[in-house]
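Reviewing the structure listed below.
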Amino acid sequence: DPEVDQLSFSRFFELVKLLAEVKKDEARDRLTEAAFIGFQLGAGGDKTFGEYLTSIGLKDSDTTMTAKDVAALKGLVK
């Protein structure tokens, strides 16, 4: 493709990484939709949908920052 041939390697690599990220997000969305159907059928038991997603690895668990984390970030931003 002539447009692709005109790209620098770094730009091409950026676009490939972006495409991979988009594909990963789309796959995760499809899995989440399928998980919702399973949840509605009772797969989650007594859990909320968010807890169910976390338990099957489709949602990152919530994290809180400690005072040490905040101090480290303040040191990075000047």
Side-chain angles (χ1 to χ4, degrees):
D1 213 340
E3 291 88 16
V4 175
D5 291 339
Q6 299 295 324
L7 295 173
S8 67
F9 178 76
S10 60
R11 180 65 177 143
F12 176 76
F13 191 68
E14 265 181 40
L15 292 173
V16 169
K17 283 177 37 178
L18 178 63
L19 180 60
E21 188 69 29
V22 168
K23 293 262 186 203
K24 183 179 112 182
D25 290 344
E26 288 174 351
R28 187 180 195 101
D29 289 345
R30 285 192 303 276
L31 288 171
T32 302
E33 290 167 358
F36 184 66
I37 293 169
F39 178 77
Q40 288 179 316
L41 295 173
D46 293 338
K47 299 176 184 173
T48 65
F49 184 57
E51 292 168 340
Y52 175 63
L53 286 178
T54 301
S55 71
I56 62 173
L58 286 176
K59 179 182 173 198
D60 297 330
S61 58
D62 296 332
T63 57
T64 56
M65 292 181 66
T66 64
K68 186 177 178 181
D69 295 333
V70 173
L73 284 175
K74 285 182 180 177
L76 292 174
V77 180
K78 295 179 181 183

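One-based numbering along the sequence shown.
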Handout entry: Inter- and intrachain pairs under side-chain hydrogen bond (donor to acceptor under 3.5 Å, both in side chains), touching residues 25-37, at least two apart
Key = none

Handout entry: E51 side-chain N/O to T48 backbone N/O, donor-acceptor pair under 3.5 Å
Key = yes

Problem - Cluster link V16 to V22, ILVMFWY, side chain under 4.5 Å - result: no

Exercise for the section: Following the transitive rule for hydrophobic clusters with a side-chain heavy-atom cut-off under 4.5 Å over Ile, Leu, Val, Met, Phe, Trp and Tyr, establish whether I56 and L31 coincide in one cluster. Expected result: yes

Handout entry: Minimum heavy-atom distance A43-Y52, with the two atoms named
Key = CB-OH, 3.5 Å

Exercise for the section: Specify the closest pair of heavy atoms between F49 and F36, including all atoms of both residues, with the distance to one decimal. Expected result: CE1-CA, 3.5 Å

Practice task
Run through the side-chain heavy atoms of Ile, Leu, Val, Met, Phe, Trp and Tyr, join any pair under 4.5 Å, and report what else lands in L19's cluster.
Solution key: none

Problem - Whether over 12 other heavy atoms sit under 6.0 Å from D1 CG - result: yes

Problem - NZ/NE/NH1/NH2 to OD/OE distance under 4.0 Å, E21 and K24 - result: yes

Exercise for the section: Evaluate the salt bridge (Lys or Arg N to Asp or Glu O under 4.0 Å) criterion for residues K17 and E14: first the C-alpha distance (whole Å), next the side-chain angles of each, then the deciding distance (0.1 Å), finally the verdict. Expected result: CA-CA 5 Å; K17 283 177 37 178; E14 265 181 40; over 6 Å; no

